[in-house]
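The first residue of the sequence shown is numbered 1, and numbering continues consecutively from there.
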Amino acid sequence: MPTHSRQRAATTDPAGLAAELRLRKDRLLDGPGAEATGKQHAKGKLTVRERLDLLFDKDSFQEIEPLRRHRATGFGLEDRRPDGDGVVTGWGAVHGRQVFVYAHDFRVFAGTLGEAHAAKVHKVMDMAAAAGAPLVSLNDGAGARIQEGVTALAGYGGIFARNVALSGVVPQISVILGPCAGGAAYSPGLTDFVFMVNGTSQMFLTGPDVIETVTGERISQDALGGVEAHAHTSGVAAFAAETEEECLADVRHLLSLLPANNRQLPPVVPCADPPDRRTDELLGLVPPSPRHTYDVCEVIETVVDDGEFIEVHENWAPNAVCALARLDGHVVGIVANQPSVLAGVLDIAASEKCARFVSICDSFNIPLVTLVDVPGFLPGVAQEHGGIIRHGAKLLYAYGNATVPRISLVLRKAYGGAYIVMDSRSLGADLSFAWPTNEIAVMGAEGAANVVFRRQIAAAQDPDHARERLVEQYRTELMHPYYAAERGLVDDVIDPGETRQVLIRSLALLREKRRRLPERKHGNVPL
């Protein structure tokens with residue numbers, strides 16, 4: 001006798017089944033309807049399919065589990081079981097390389113996470129781990145689906161666990177394209193890079209209504225968790241854009257600079273910018289006097305391939321600059337003090353910003369170039385009580401733990417503990433260079449002379465004249481450009497016009513660097 005499956009095949013029209021499938025998938029692509037789409041556009045936001053078209057190379061996206069639906073649980077959900085359950089998952093190509101994605105559809109249940117929604121996200125995260133490919137999340141959801149209770153919370157727990165497991169294994173990028181509230185905000189906080197769009201993106205754990213009820217404070221959603229809050233103040237967002245189109249173009253650019261996983265090197269591209277190009281214009285960019293300011297971004301622009309770089313956390317802790325660029329076609333991470341903001345001093349925010357960036361570069365095999373022009377750590381009661389010791393130690397730990405090629409270049413001044421922290425030779429930099437304008441010392445000559453020669457100055461008939469003479473003596477004997485080089489703490493004092501050449505040659509030498517850390521479960525980062 002024929003089996004049940006054969007009976008069904010015999011009595012069901014194959015053409016009809018195919019038509020039914022096409023109809024169901026067409027409905028999925030159209031979304032929940034023109035009215036919901038109109039509301040999305042009225043908020044200045046794109047639909048989930050429009051976003052995916054911008055993220056991926058043309059016709060490369062492959063969706064998975066598009067027909068998955070939640071199990072009817074009551075509380076008004078019995079007759080509302082749309083295909084996809086408010087999230088689109090799958091993979092596609094970005095600049096020809098495989099990338100996985102999950103993207104909320106705010107038009108369906110406001111993008112909230114329930115059991116089926118979470119299972120789809122877990123699936124695509126596991127696939128990214130198995131394939132060793134980057135994971136991008138397009139976040140536009142109102143948090144946990146209240147109607148599904150604790151199963152929604154459990155779904156978030158599974159996402160967080162996978163975020164941690166993938167950390168340092170494949171690049172994880174979170175793109176905030178609408179609300180990202182409650183538990184949903186923790187996943188972006190665990191990823192490598194967060195993007196936001198001005199005017200439409202918000203992230204917060206507790207919304208304005210809850211805050212007003214508990215504390216009496218009144219604040220709008222945008223002021224609480226918008227771009228200004230997270231790209232400028234909290235440092236949660238690494239990048240901010242004015243439009244979704246600009247934002248997703250920036251995501252594609254960032255992905256072009258990152259390897260697929262921690263076992264690969266970043267992509268190398270052909271370079272038309274000559275590796276032996278001189279950089280004599282640097283002599284005019286950087287004033288020799290440590291009292292005069294300049295923009296270190298102009299130094300970076302002069303040195304890197306075609307003057308192109310992407311700055312990470314541009315608006316947060318601007319007294320330090322972290323950027324990804326290329327030298328002779330190879331990706332490098334650049335950490336630099338910014339003399340045009342607070343004289344380039346290190347403080348709590350700058351230390352944490354640089355430490356995070358160094359750690360990301362080390363995770364994904366990106367060599368580090370550190371441009372040093374630092375007067376020290378920012379003094380003050382607020383900094384000390386805020387934990388500058390602990391936060392400064394994060395940067396020390398990140399550099400000391402890094403196994404990628406590390407090159408430091410002292411452009412001008414490098415004083416005290418901040419000199420050590422900025423990847424000094426004693427901290428483990430592979431190569432350390434300095435320009436002839438460098439001043440490497442415990443502190444500036446004026447402060448040092450006031451300490452060392454305090455008694456002589458006090459006993460002099462003309463204290464001001466004595467101070468000037470002794471300051472110059474200290475500067476001449478202990479702070480001249482070759483003092484550190486004479487003691488082997490700087491590998492060479494180089495002509496600024498040869499900066500690009502020296503960095504490219506040094507990175508080529510270190511490309512096959514191998515360093516193993518002592519065996520351990522993990523280090524104890526000074527969090």
| message | Rounded to the nearest 0.5 Å, what separates atom CD in Glu228 from atom OG in Ser234? | response | 10.5 Å
| Distance-minimising heavy-atom pair for Val286 and Trp435 | CG2-CZ3, 3.6 Å
| task | For Pro259 and Gln264, work out which heavy atoms get closest and say how close. | result | CB-O, 3.5 Å
| note | Residue pairs meeting ring pair (Phe, Tyr, Trp, His ring centres under 6.0 Å), one or both in residues 307-334, sequence neighbours left out, come to His313-Trp316
| query | Among all residues two or more places apart in sequence or in another chain, which pass the salt bridge (Lys or Arg N to Asp or Glu O under 4.0 Å) test with Arg514? | reply | Glu512
| query | Are a donor atom and an acceptor atom from the side chains of Ser340 and Thr293 found within less than 3.5 Å of each other? | reply | no
| task | Answer yes or no: are there more than 12 heavy-atom neighbours, outside Phe61 itself, under 6.0 Å from its atom CZ? | result | yes
| request: Give, for atom CG of Leu346 and atom CD1 of Ile348, the distance between the pair rounded to the nearest 0.5 Å. | output: 11.5 Å
| query | Roughly how far, to the nearest 0.5 Å, is the CD atom of Gln172 from the CD1 atom of Ile360? | reply | 10.5 Å
| query | Can you check whether Val169's main-chain N or O pairs, donor with acceptor, with Ser363's side chain at less than 3.5 Å? | reply | no
| query | Can you tell me how far the CD atom of Gln383 sits from the CD1 atom of Ile388, to the nearest 0.5 Å? | reply | 5.0 Å
| said: Using a strict threshold of under 4.0 Å (side-chain N to carboxylate O), is an ion pair present between Glu439 and Lys413? | reply: no
| remark: Arg97 meets the salt bridge (Lys or Arg N to Asp or Glu O under 4.0 Å) criterion, sequence neighbours left out, with none
| query | Any side-chain donor-acceptor pair under 3.5 Å between Asp347 and Asn319? | reply | yes
| Asp273/Arg326 salt bridge by N-O under 4.0 Å criterion | no
| Any donor-acceptor pair under 3.5 Å linking the side chain of Arg356 with the backbone of Glu352? | no
| request: Give a yes or no on whether the backbone of Gly114 and the side-chain of Thr151 come within a donor-acceptor separation of less than 3.5 Å. | output: no
| message | Could you go through Arg277 and Asp328, starting from their C-alpha distance and side-chain angles, then the distance that decides it, and tell me whether this counts as salt bridge (charged side-chain N to carboxylate O under 4.0 Å, His left out)? | response | CA-CA 11 Å; Arg277 171 173 59 82; Asp328 197 25; over 6 Å; no
| CD1 (Ile389) with more than 12 external heavy atoms under 6.0 Å | no
| Of all residues at least two apart in sequence or in a different chain, which pass the salt bridge (Lys or Arg N to Asp or Glu O under 4.0 Å) check with Arg406? | Asp423
| Has Arg263 got more than 12 heavy atoms of other residues, nucleotides or ligands less than 6.0 Å from its CZ? | no
| task | Salt-bridge test for Glu63 and Arg49: reply yes if a basic N is under 4.0 Å from a carboxylate O, no otherwise. | result | yes
| request: Kindly give the heavy-atom pair with the smallest separation between Ala484 and Ile440, and that separation in Å. | output: CB-CD1, 3.8 Å
| field | Partners passing side chain to side chain donor-acceptor pair (under 3.5 Å) against Arg390 (at least two apart in sequence or in another chain) | value | none
| query | Side chain of Asn337, backbone of Val345: donor and acceptor closer than 3.5 Å? | reply | no
| query | Below 4.0 angstrom, N of the basic side chain to O of the carboxylate: do Asp430 and Lys513 qualify? | reply | yes
| query | How far apart are the closest heavy atoms of Asn139 and Ser174, and which atoms are they? | reply | ND2-CB, 4.0 Å
| Do Asp305 side-chain atoms and Gly329 backbone N/O form a donor-acceptor pair below 3.5 Å? | yes
| task | Give the C-alpha distance, both sets of side-chain angles, the deciding distance and a yes or no for salt bridge (charged side-chain N to carboxylate O under 4.0 Å, His left out) between Lys45 and Asp140. | result | CA-CA 10 Å; Lys45 301 194 299 182; Asp140 186 6; 2.9 Å; yes
| Separation of Phe106 CZ from Leu138 CG (nearest 0.5 Å) | 15.0 Å
| task | Sequence neighbours left out, what pairs pass ring pair (Phe, Tyr, Trp, His ring centres under 6.0 Å) with at least one residue falling in residues 239-272? | result | Phe195-Phe239
| field | Spacing of Asp53 atom CG and Asp59 atom CG [to the nearest 0.5 Å] | value | 8.5 Å
